[in-house]
Amino acid sequence: GDLLTASEKASESLKLLRRDGAPYEAARAYFLLGTIYRISAVSDVAQLMFTEAADIFQNLGADKDAAETIGSRGMLMAAENRREEAAADFAKALDLYRSCGCQRGEADILNQQALTALMYGESAEAGKLAEAAAAMQKAAGQADGSGLSAEILSRAAAEKKDWASSLKYAAEAKQAYQAAGNQPGLFEALLLLARARLETGNFETAERLLRHLIEQAKKCPSCFHVANAYNLLGIIYLKQGDLQRAKGLFQQSLGCESSNNRTDGMAIDYANLALIEYRLGQQEQGDKTVQTALEYARAFGET
């Protein structure tokens with residue numbers, strides 16, 4: 001997670017590769033830098049890096065690499081709410097993958113399109129795209145891609161409050177991510193399983209899943225999964241009326257979010273803490289906490 005050092009090393013690598021006249025390897029360095037800046041939310045630089053990489057790959061006839069790069073730029077455009085540009089990039093990436101018969105790559109783009117549809121609240125479209133991707137990933141024997149398809153299907157079902165389906169697909173995602181050795185994906189699946197159990201009133205199983213995630217994360221550090229786990233644990237105790245334990249868990253979640261400067265998560269935690277304070281009759285403190293939640297929500301750009 002040390003993105004500053006990662007960007008410095010990738011930039012150093014790029015200079016050496018350009019000096020030595022290695023265009024393909026230089027394009028890979030551009031792609032890596034684009035990914036680093038995309039994760040760091042430095043969108044304009046990320047777009048520039050991806051475009052540079054894509055142009056080099058296409059000039060070299062490296063269609064698979066070009067498709068991967070253009071697909072990543074599409075995800076960047078989607079996150080920037082530039083949907084038409086995202087759709088154009090996804091369409092271009094699909095064409096490139098199909099032209100070189102890369103079914104796995106095609107499935108990856110379908111998953112990215114499904115994620116975009118999910119971002120825009122189009123759960124039915126997301127489910128349709130993820131199902132198509134899942135069939136391709138299964139045929140290609142790609143456990144990691146299959147896990148993402150199942151995860152998207154679980155999220156799409158959750159959007160429709162279809163908790164039985166959400167649970168089913170989350171279990172499939174967990175199995176696929178375990179087979180692929182994808183620990184962050186496994187944490188996502190555990191959170192989805194816990195949410196489905198929570199929503200169907202199975203608090204004991206939900207709590208067991210969440211505490212297992214927290215323990216596993218000690219061996220494999222994760223930016224936000226632990227915070228989300230504490231948040232869901234807080235909701236379980238809030239639903240059971242144990243306000244003091246719920247408050248403590250929300251505070252633990254807030255501590256995790258604060259250490260990662262994750263302002264959207266902090267806004268949620270402060271809102272939940274305010275809810276508890278109101279229920280405890282602490283009107284003045286609740287008002288202050290709500291104001292803090294609003295400030296973090298605005299800092300995140302959440303309307």
Q: Are R211 and E207 close enough for a salt bridge, meaning some N to O gap below 4.0 Å?
A: yes
Q: Measuring only between side-chain heavy atoms, which start at C-beta, is R197 closer than 4.5 Å to W163?
A: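 Side-chain contact under 4.5 Å: no.
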Q: Can you confirm whether D287 sits close enough to Y278 that some side-chain heavy atom of one is under 4.5 Å from a side-chain heavy atom of the other?
A: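 In contact.
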Q: Can you confirm whether more than 12 heavy atoms, excluding those of E85, are under 6.0 Å from its CD atom?
A: yes
Q: Report yes if the side chains of T69 and T51 come closer than 4.5 Å at any heavy-atom pair, otherwise no.
A: no
Q: So how far is it from D269 CG to L249 CG, rounded to the nearest 0.5 Å?
A: 10.5 Å
Q: Do E151 and Y177 have a side chain donor and acceptor closer than 3.5 Å?
A: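 Judged by distance alone, the side chains do pair up.
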Q: Would the number of heavy atoms belonging to other residues, nucleotides or ligands and lying under 6.0 Å from CZ of F300 be above 12?
A: no
Q: What is the ring orientation for Y270 with Y296, classed by angle as parallel under 30°, tilted 30 to 60°, or perpendicular over 60°?
A: parallel
Q: Passes side-chain hydrogen bond (donor to acceptor under 3.5 Å, both in side chains), Y169 versus D162? Steps please.
A: CA-CA 11 Å; Y169 288 122; D162 181 356; over 6 Å; no
Q: Which heavy-atom pair separates A274 from V290 by the least distance, and what is that distance?
A: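 That would be CB-CG2, 3.5 Å.
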Q: Which is it for S149 and Q137 under the side-chain hydrogen bond (donor to acceptor under 3.5 Å, both in side chains) test, yes or no, and what are the steps along the way?
A: CA-CA 8 Å; S149 297; Q137 300 282 12; 5.0 Å; no
Q: How many angstroms lie between CD in Q178 and CD in Q183, if you round to the nearest 0.5 Å?
A: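 Answer for the CD-CD pair, Q178 versus Q183, is 8.5 Å.
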Q: Restricting to non-hydrogen atoms, name the atom on S11 and the atom on L33 that form the minimum distance, rounded to 0.1 Å.
A: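 Residues S11 and L33, closest heavy atoms: OG-CD2, 3.6 Å.
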Q: Take Q112 and T116 through the test side-chain hydrogen bond (donor to acceptor under 3.5 Å, both in side chains) and record every step on the way to the result.
A: CA-CA 6 Å; Q112 290 177 351; T116 304; over 6 Å; no
Q: Could you check whether atom CZ of R83 has more than 12 heavy atoms from other residues, nucleotides or ligands sitting under 6.0 Å from it?
A: yes
Q: Does R155 form a salt bridge (Lys or Arg N to Asp or Glu O under 4.0 Å) with E188? I'd like the steps, not just the answer.
A: CA-CA 10 Å; R155 292 183 185 281; E188 291 283 2; 2.6 Å; yes
Q: Go through it in stages, so that I can follow the logic: the residues are I235 and N231, the test is side chain to side chain contact (heavy atoms under 4.5 Å, CB included), and I'd like the CA-CA distance, side-chain angles, deciding distance and then a yes or no.
A: CA-CA 6 Å; I235 291 170; N231 182 269; 3.5 Å; yes
Q: Could you please spell out the steps behind the side chain to side chain contact (heavy atoms under 4.5 Å, CB included) verdict for I214 and L233?
A: CA-CA 11 Å; I214 292 166; L233 282 169; 3.8 Å; yes
Q: Answer with yes or no whether the side chains of T289 and Q285 bring together a donor and an acceptor at under 3.5 Å.
A: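 Yes.
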Q: One pair to check against side-chain hydrogen bond (donor to acceptor under 3.5 Å, both in side chains): R38 and S43. What are the steps and the verdict?
A: CA-CA 6 Å; R38 180 170 73 88; S43 302; over 6 Å; no
Q: Tell me whether M75 is reachable from M49 by hopping between hydrophobic residues (I, L, V, M, F, W, Y) whose side-chain heavy atoms are closer than 4.5 Å.
A: no
Q: Would you give the length of the straight line joining atom CZ of F187 to atom CZ of F224, rounded to the nearest 0.5 angstrom?
A: 10.5 Å
Q: Just by modelled atom types, is the K9 backbone N or O under 3.5 Å from a matching donor or acceptor in the S13 side chain?
A: no
Q: Are L48 and L76 connected, step by step, through hydrophobic side chains (Ile, Leu, Val, Met, Phe, Trp, Tyr) whose heavy atoms are closer than 4.5 Å?
A: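 Result: no, two separate clusters.
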Q: What do you reckon, is CD of E12 surrounded by more than 12 foreign heavy atoms closer than 6.0 Å?
A: no
Q: First locate atom CZ of R208, then atom NE2 of H212, and finally report the distance between them rounded to the nearest 0.5 Å.
A: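 Rounded to the nearest 0.5 Å, the CZ-NE2 separation comes to 10.5 Å.
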Q: Roughly how far apart are I276 CD1 and R245 CZ, rounded to 0.5 Å?
A: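 The CD1 atom of I276 sits 12.5 Å away from the CZ atom of R245.
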Q: Could you pull out the closest heavy-atom pair between V226 and C256, with the gap in Å?
A: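 Closest pair (atom of V226, atom of C256, distance): CG1-SG, 3.9 Å.
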Q: Starting from L273, can I reach I268 by hopping between I/L/V/M/F/W/Y residues whose side chains sit under 4.5 Å apart?
A: no
Q: If you take all heavy atoms of A27 and A53, which pair is closest and at what distance?
A: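 Distance-wise, the nearest heavy atoms are O-CB, 3.4 Å.
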Q: For L60, what residues pass the side chain to side chain contact (heavy atoms under 4.5 Å, CB included) criterion, not counting sequence neighbours?
A: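 Only P23, Y24, I56 meet the side chain to side chain contact (heavy atoms under 4.5 Å, CB included) criterion with L60.
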Q: Taking the side chain as everything from C-beta on, heavy atoms only, tell me whether Y97 gets closer than 4.5 Å to E68.
A: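 Y97 vs E68: side chains touch.
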Q: Closer than 3.5 angstrom, by distance alone: can the side chain of T205 be matched with the main-chain N or O of N202 as a donor-acceptor pair?
A: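 Side chain of T205 to backbone of N202, a donor-acceptor pair under 3.5 Å: no, none is there.
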Q: For Q113, what residues pass the side chain to side chain contact (heavy atoms under 4.5 Å, CB included) criterion, not counting sequence neighbours?
A: F90, L94, I109, L110, L129
Q: For E277 and G286, which heavy atoms make the closest approach, and how far apart are they?
A: OE1-CA, 3.4 Å
Q: Before you tell me yes or no, could you show the steps for L16 and R19 under side chain to side chain contact (heavy atoms under 4.5 Å, CB included), namely the whole-Å CA-CA distance, both residues' side-chain angles and the distance that decides it to 0.1 Å?
A: CA-CA 5 Å; L16 294 168; R19 185 196 68 187; 3.7 Å; yes
Q: Is the shortest heavy-atom distance from the side chain of L167 to the side chain of S165 under 4.5 Å?
A: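 Not in contact.
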Q: Any sub-3.5 Å donor-acceptor pair from S166's side-chain atoms to A196's backbone N or O?
A: no
Q: Is there a chain of hydrophobic side chains (I, L, V, M, F, W, Y, each step under 4.5 Å between heavy atoms) that links L213 to L192?
A: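 No, L213 does not connect to L192 through the hydrophobic network.
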Q: If you define the side chain from C-beta out and look only at heavy atoms, does anything of R195 sit under 4.5 Å from L193?
A: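 Not touching, per the 4.5 Å side-chain cut-off.
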Q: Check whether any side-chain heavy atom of Q58 sits under 4.5 Å from a side-chain heavy atom of K92, and report yes or no.
A: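 Contact flag for Q58/K92 side chains = yes.
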Q: What pairs with Q216 under side-chain hydrogen bond (donor to acceptor under 3.5 Å, both in side chains), at least two apart in sequence or on another chain?
A: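 Counting only residues at least two positions away or on another chain, Q216 forms a side-chain hydrogen bond (donor to acceptor under 3.5 Å, both in side chains) with K219.
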Q: Side-chain heavy atoms nearer than 4.5 Å, only ILVMFWY residues, links allowed to pass through others: does that put Y37 and Y30 together?
A: yes
Q: Going through the checks in order, is the side chain to side chain contact (heavy atoms under 4.5 Å, CB included) test met by F31 and F50?
A: CA-CA 6 Å; F31 173 77; F50 284 140; 3.8 Å; yes
Q: Side chains of R82 and Q47: does their closest heavy-atom pair fall under 4.5 Å?
A: yes
Q: Can you name the closest pair of heavy atoms from L153 and E131 and give their distance?
A: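 Result for this residue pair: CD2-CG, 3.7 Å.
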Q: E295 vs R298, test: salt bridge (Lys or Arg N to Asp or Glu O under 4.0 Å). Steps then yes/no.
A: CA-CA 5 Å; E295 287 169 8; R298 290 190 185 110; over 6 Å; no
Q: If you measure from CD on E122 to NZ on K128, what distance do you get to the nearest 0.5 Å?
A: 10.5 Å
